[in-house]
Amino acid sequence: GLDYREALAYYAKEKRTFGLILLDPPYAEGFLPDVLTRVSALSLYDRGCAVMCEHARDTEMPETVGAFRREKERTYGTVGLTLYRAEETI
């Protein structure tokens, strides 16, 4: 299977962009900031793109990552959800 870095590079090569991105990686791996950084750097997002990140409740998510700013946070039991929105246009 594809590693997420390979998948993102493939989407960039194909000039794909997204208006909504749902991320639910293995919690302990800490992939979320890197994925957001790569999506931003590779311009894989549309204007106003929303990114919903699922993570462990106690995970501290950054205020901003690349072009994305944290908009909302919620917790449900042991799960945390953080919504990011693209701040800038590509």
Side-chain angles (χ1 to χ4, degrees):
L2 280 180
D3 173 275
Y4 75 93
R5 293 169 290 243
E6 294 171 5
L8 294 176
Y10 171 79
Y11 293 140
K13 181 181 172 188
E14 295 293 313
K15 301 197 183 319
R16 297 283 309 267
T17 60
F18 301 91
L20 174 65
I21 300 171
L22 305 173
L23 300 175
D24 181 16
Y27 293 170
E29 300 298 323
F31 292 138
L32 291 172
D34 186 54
V35 173
L36 289 167
T37 298
R38 288 172 187 270
V39 167
S40 180
L42 294 170
S43 299
L44 295 174
Y45 60 95
D46 294 328
R47 179 182 305 160
C49 177
V51 182
M52 180 60 71
C53 301
E54 184 174 331
H55 50 82
R57 177 188 183 113
D58 60 350
T59 300
E60 288 284 327
M61 295 297 290
E63 178 72 26
T64 60
V65 181
F68 299 97
R69 176 170 292 285
R70 188 174 63 212
E71 194 169 274
K72 292 182 184 179
E73 288 185 296
R74 298 286 187 268
T75 56
Y76 302 93
T78 61
V79 174
L81 295 174
T82 302
L83 175 66
Y84 285 91
R85 180 97 40 202
E87 287 192 298
E88 54 191 62
T89 60
I90 55 174

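Numbers for residues simply follow the sequence, beginning at 1.
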Nearest-0.5 Å distance, [atom1] of residue [X] to [atom2] of residue [Y]:
| X | Y | atom1 | atom2 | answer |
| --- | --- | --- | --- | --- |
| Thr82 | Glu60 | OG1 | CD | 9.5 Å |
| Leu23 | Ile21 | CG | CD1 | 6.5 Å |
| Glu29 | Asp34 | CD | CG | 12.0 Å |
| Glu6 | Lys13 | CD | NZ | 12.5 Å |
| Thr75 | His55 | OG1 | NE2 | 9.5 Å |
| Leu32 | Tyr84 | CG | OH | 8.0 Å |

How about [X] and [Y]: do any of their side-chain heavy atoms sit closer than 4.5 Å?
| X | Y | answer |
| --- | --- | --- |
| Arg38 | Arg5 | yes |
| Val35 | Pro33 | no |
| Tyr11 | Val39 | no |

Side-chain ([X]) to main-chain ([Y]) donor-acceptor, under 3.5 angstrom:
| X | Y | answer |
| --- | --- | --- |
| Arg57 | Gly77 | yes |
| Arg74 | Leu81 | no |
| Arg70 | Met61 | yes |
| Ser40 | Leu36 | no |

May I ask you to check whether over 12 heavy atoms, not counting those of Glu63, lie within 6.0 Å of atom CD?
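Yes, enclosed.
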Tyr27 atom OH: more than 12 heavy-atom contacts under 6.0 Å:
yes
Ignoring hydrogens, what is the shortest heavy-atom contact between Asp46 and Gly19? Give both atom names and the distance.
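Reported closest heavy-atom pair: OD2-N, 3.2 Å.
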Show the nearest heavy-atom pair for residues Ala67 and Tyr45, with the distance to one decimal.
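Looking at all heavy atoms of both residues, the shortest contact is CB-OH, 3.3 Å.
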Once the angle between the rings of Phe31 and Tyr4 is folded into 0 to 90°, is it parallel (under 30°), tilted (30 to 60°) or perpendicular (over 60°)?
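It falls in the tilted class, 30° to 60°.
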